[in-house]
Amino acid sequence: MNPSGLLVVRPEPGNARTIARLRAGGGAVLGRPLFAAAPIAWAPPDPAAFDALLVTSANAVRLAGAGLARLAGLPVIAVGAESAAVARDAGLHVAVVGDGGVADALTAAAAAGLVRPLHLAGREHIDSGHPTAIVYASAELDVDAAAFAAAAAGRIVLLHSVRAAHRVAALVADRQATGIAALSPAVLAAAGDGWALACAAAMPTDAALCALALARTIDRAAGGGDKRP
């Protein structure tokens, strides 16, 4: 497979940011969001029970609503630069930024003395092992399977989550016409086998995923068969 471009399926506003990053790197990109994130009702717990907020998704801060004010005195453990930036923009103090995933961020936080975080998350999230407040949910958007498969043909689809991997796998019948680049090995596994090209980012960040996808479109020799770093 010689991919002619890239396809981004994450919810907005992340979709637009990923597209901008890819275009800055010279990629030919389409955006086809498969989900839309929206806030849900939640009751913030007593902040005295925690010593930090664990933020694994920027949307957890964007969509937390008024309840976030009760927890604003807690330092933030942010997974990824995007989550950290959004937390700072919301007036929160970011104490730890982890770029290697949840486990690495929690290890760094523990070294800083933060061991009782409250995890702010979406309804579909990776269990951090800590108390969790669900503040938003992502609903599936109506998508015509044939039109989506046509858009994906000859392109690499960027997969930012296990849920996105499952959805893309269900929408694309002819996997030999489409490549995938996943945020992590777990996301890659969720998409199943048979893709013309399949690879996972070395680090679970949007920047690493975009760099990988761009490299696969530029390096034509890397386009044949399943390739997993």
> First locate atom OG1 of Thr217, then atom CG of Leu6, and finally report the distance between them rounded to the nearest 0.5 Å.
5.0 Å

> If you group Ile, Leu, Val, Met, Phe, Trp and Tyr by side-chain heavy-atom gaps below 4.5 Å, do Leu188 and Val157 land in one group?
yes

> Measure the shortest side-chain to side-chain distance between Leu63 and Ile40 over non-hydrogen atoms and say whether it is less than 4.5 angstrom.
no

> Only one of Thr56, Thr132, Leu68 clears side-chain contact (heavy atoms from CB on, under 4.5 Å) with Leu120; which?
Leu68

> Sub-3.5 Å donor-acceptor pair from the side chain of Asn15 to the main-chain atoms of Val8, do we have one?
yes

> Excluding sequence neighbours, so at least two apart, what forms salt bridge (Lys or Arg N to Asp or Glu O under 4.0 Å) with Arg10?
Glu82, Asp206

> Does the Arg23 side chain pair with the main chain of Val29, one donor and one acceptor, at a distance under 3.5 Å?
yes

> Is a side-chain donor or acceptor of Arg167 paired with a backbone partner of Phe35 at a separation under 3.5 angstrom?
no

> Quick one: does any side-chain atom of Arg155 pair with a main-chain N or O of Ala28 as donor and acceptor, under 3.5 Å?
yes

> Under 4.5 Å between any side-chain heavy atoms of His125 and Ser57, yes or no?
no

> For the residue pair Gln176 and Ala196, what are the closest heavy atoms and their distance?
O-CB, 3.3 Å

> Nearest 0.5 angstrom please: His130 NE2 to Ile77 CD1, how far?
7.5 Å

> Donor-acceptor pair, Thr178 side chain versus Arg175 backbone, under 3.5 Å?
no

> Would you check if the side chain of Arg70 reaches a backbone N or O of Pro47 as a donor-acceptor pair within less than 3.5 Å?
no

> Taking atom CD of Glu12 and atom CD1 of Ile19, what is their separation to the nearest 0.5 Å?
6.5 Å

> For Thr18 and Cys210, what are the C-alpha separation, side-chain angles and deciding distance, and is it a side chain to side chain contact (heavy atoms under 4.5 Å, CB included)?
CA-CA 7 Å; Thr18 296; Cys210 288; 3.7 Å; yes

> In Å, rounded to the nearest 0.5 Å, how long is the span from CG of Leu209 to CG of Leu158?
4.0 Å

> Say whether Val168 and Val187 are linked into one hydrophobic cluster, either directly or through other cluster members, by side-chain heavy-atom distances under 4.5 angstrom.
yes

> Over all heavy atoms of both residues, which pair between Phe50 and Pro45 is shortest? Give the atoms and the distance, please.
CE1-CG, 3.7 Å

> So how far is it from His93 NE2 to Leu74 CG, rounded to the nearest 0.5 Å?
11.0 Å

> Any chance you could measure Ser161, atom OG, to Ile126, atom CD1, to the nearest 0.5 Å?
9.0 Å

> When you group the ILVMFWY residues by side-chain heavy-atom contacts below 4.5 Å and let the links chain together, are Leu34 and Leu7 in the same group?
yes

> Hey, mind stepping through Val143 and Arg32 against side chain to side chain contact (heavy atoms under 4.5 Å, CB included) and telling me if it holds?
CA-CA 9 Å; Val143 174; Arg32 297 287 188 274; over 6 Å; no

> For the hydrophobic clusters of this structure (ILVMFWY residues joined by side-chain heavy atoms under 4.5 Å, transitively), does one cluster hold both Val9 and Trp195?
yes

> Looking only at atom types and distance, does a side-chain atom of Ser4 sit under 3.5 Å from a main-chain N or O of Gly154, one as donor and one as acceptor?
yes

> Within a reach of under 6.0 Å around CD1 of Ile134, are more than 12 heavy atoms found that belong to other residues, nucleotides or ligands?
yes

> Give the minimum heavy-atom separation between Ala201 and Leu212, together with the two atoms involved.
N-CD2, 3.5 Å

> What are the two closest non-hydrogen atoms of Val135 and Ala60, and how far apart are they?
CG2-O, 3.5 Å

> Checking Leu92 against Val55 for the side chain to side chain contact (heavy atoms under 4.5 Å, CB included) test, could you report, in this order, the C-alpha distance in whole Å, the side-chain angles of both residues, the deciding distance, and whether it holds?
CA-CA 11 Å; Leu92 303 177; Val55 177; 5.7 Å; no

> Are Leu106 and Leu118 connected in a single hydrophobic cluster, I mean Ile/Leu/Val/Met/Phe/Trp/Tyr linked by side-chain heavy atoms less than 4.5 Å apart?
no

> Give the minimum heavy-atom separation between Gly101 and Val79, together with the two atoms involved.
C-CG1, 3.9 Å

> If I compare all heavy atoms of Asp51 with all of Pro117, which pair ends up nearest, and what's the gap?
OD1-N, 3.6 Å

> Take Arg163 and Ser138 through the side chain to side chain contact (heavy atoms under 4.5 Å, CB included) test and state the conclusion after the steps.
CA-CA 10 Å; Arg163 194 175 179 202; Ser138 295; 3.5 Å; yes

